[in-house]
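This report refers to the structure that appears directly beneath it.
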Amino acid sequence: MKFVMPGDKLGYAEEYAAGKGVYEENGELFASVAGKVVMRDRVISVEPVKRIPEIKKGDVVVGRIIDLRNSLALVEIARKEGFDRELMHTGLGAIHISNVQPGYLKDISTAFGYRDIVRAKVVDVEQMKLSTKEEGMGVIKAICSICKEGLVLEKNKLVCPSCGNVEKRRVSPEYGKGRW
Amino acid sequence: MEELKLIMDGKRLDGRGFDELRPIKIEVGVLKRADGSCYLEMGRNKVMAAVYGPREVHPKHLADPSKAIVRYRYNMAPFSVEERKRPGPDRRSVEISKVSREALETIIMTEMFPRSAVDIFVEILQADAGSRTACLNAASVALVDAGIPMKGIVTSVAVAKVDGQIVLDPMKEEDNYGEADMPFAFVIRNGKIESIALLQMDGNMTRDEVKQGLELAKKGAMEIYQLQREAIMKKYRTEEEEE
């Protein structure tokens, strides 16, 4: 496959439709990023050397709980999963109590705690609604509400290693496996 | 005082011909935490460029709802010149930052990223005339490394008038004691020079000298462009082979 750089001519607008990483000017197609040329269904695009994260519906994001309301948990979104690159717009996301876990949840503070790191799926991009209902989503790092020590997962229970306090969370199977 | 001869027997002080560039070394992706980076040596110039973004704009009022803003910082390290330079931006570096930013703004596709910022930082570790051109070349490669969509690649080179002769890519002695110097930046697309993105001049040149200088600069820019391409290729080709 051909490797191109920004400005390299790829063909004419009559030949292909311009896909990602390609732009059209005066009927000609040029690459806008460096990468490999991909042609599929008459659409020509360039698979870039480095991608810029963009949040779409269904994406998994990682963030920190910064506030707990009656029926909402507010999340400061840090990264899109799989990217080690800052997001273009780092807004707040919200997890509604109905989107926390598959079943009914009475009190949101039994699923999340302040400063927890969560893995969540994007349900609505416009309003940045998140959900941890899905498989694999939930808290991946939590701290003890009493002594702020990192909680450890022991037989499906989150235990504080210094004071022995046991806390309840919507725990993700990825708990403690994050890269810090 | 005896006058310094900058040209002897058709050769320059460092043995180069009139149309020869200084040796160039380009390394891509040298900074781990930057989205894109480049280290470049152009003769005795040593510069490091880092690109971040598109990312959130701070302070917020600078954000443009229709496109991304580009910020460029040209900064000389205090130890980059013979006499210690006072740290921080001064009149000269603010001006260079402005014109260089405007050169890159013409090729970066800012409309694709509204309300965000592309930050470019270029640090001069060692200076030896034509540092703004070295910085632009490094910044341009760093932008490609960051995967930021661009219409082409910016390549920059300077020409100077030394002892009445137009020479390519002046070094410090020629810059200091020459009659004039003129940095250029070109937008290169599809292997051809498309437009001039930056042009400055210090000193006086005749109309014919400017024309001659432009031709010389174009030739030099094409050589640098090939080196820029090779540097990017080298980085990503080896990565592919590792996979």
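Below, each value reflects all heavy atoms present in this structure, side chains not excepted, and no hydrogens, waters or symmetry copies. Being a predicted model, the structure only gives us computed values, none of them experimental. We name chains A, B, ... by the order of the sequence lines, and we start the count at 1 in each one.
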The interface call for B:Arg115 against chain A, heavy-atom contacts under 4.5 Å, is both
Taken to the nearest 0.5 Å, the spacing of A:Phe30 CZ from B:Met150 CE works out to 15.0 Å
Taking CZ in B:Arg16 as the centre, count heavy atoms belonging to other residues, nucleotides or ligands within less than 6.0 Å. Is the count above 12? yes
Counting heavy-atom pairs under 4.5 Å with chain A, the top scorer among B:Val187, B:Ile188, B:Ile153 is B:Ile153
All heavy atoms of B:Gly147 vs all of A:Val33, minimum pair found to be O-CG1, 3.6 Å
* Asked: Side chain of B:Tyr236, backbone of A:Gly35: donor and acceptor closer than 3.5 Å?
  -> no
| said: Atom CZ of residue position B:Arg44 - does it have more than 12 heavy atoms of other residues, nucleotides or ligands inside 6.0 Å? | reply: no
Margin query: Looking at A:Asp8 and B:Asn190, would you say the former's side chain and the latter's main chain have a donor-acceptor pair under 3.5 Å?
Written below: no
To the nearest 0.5 Å, atom CD1 of A:Ile52 lies from atom OG of B:Ser116 at 9.0 Å
| Under 6.0 Å from the NZ atom of B:Lys219, do we count more than 12 heavy atoms belonging to anything else shown? | yes
Contact list (residues 125-141 of chain B to chain A, heavy-atom gap under 4.5 Å, by number) returns none
Pair count under 4.5 Å, heavy atoms only, with chain A: among B:Val57, B:Ile232, B:Asp145, highest is B:Asp145
Applying a strict 4.5 Å limit to non-hydrogen atoms, the region of B:Met109 in contact with chain A is side chain
Among B:Gly36, B:Gly191, B:Ala68, B:Gly152, the residue with the most heavy-atom pairs under 4.5 Å to chain A is B:Gly152
CD of A:Glu86 to OH of B:Tyr52, rounded to nearest 0.5 Å, is 9.5 Å
Closest non-hydrogen atoms of A:Met5 and B:Met233, given as atom of the first, atom of the second and distance, are CE-CG, 3.6 Å
Within the side chain of B:Arg55, is there an N or O that forms a donor-acceptor pair under 3.5 Å with the backbone of A:His89?
no
ask   = Any salt bridge between A:Glu25 and B:Arg189, counting N to O under 4.0 Å?
value = yes
- Message: Less than 4.0 angstrom from a charged side-chain N to a carboxylate O is my criterion; do B:Lys32 and A:Asp84 meet it?
- Response: no
For A:Arg69, is the CZ atom crowded, meaning more than 12 foreign heavy atoms sit under 6.0 Å from it?
no
Could you tell me whether B:Asp35 and A:Lys50 have a side-chain N and a carboxylate O separated by less than 4.0 Å? no
Short question: side chain of B:Glu56, backbone of A:Thr90 - any donor-acceptor pair under 3.5 Å?
yes
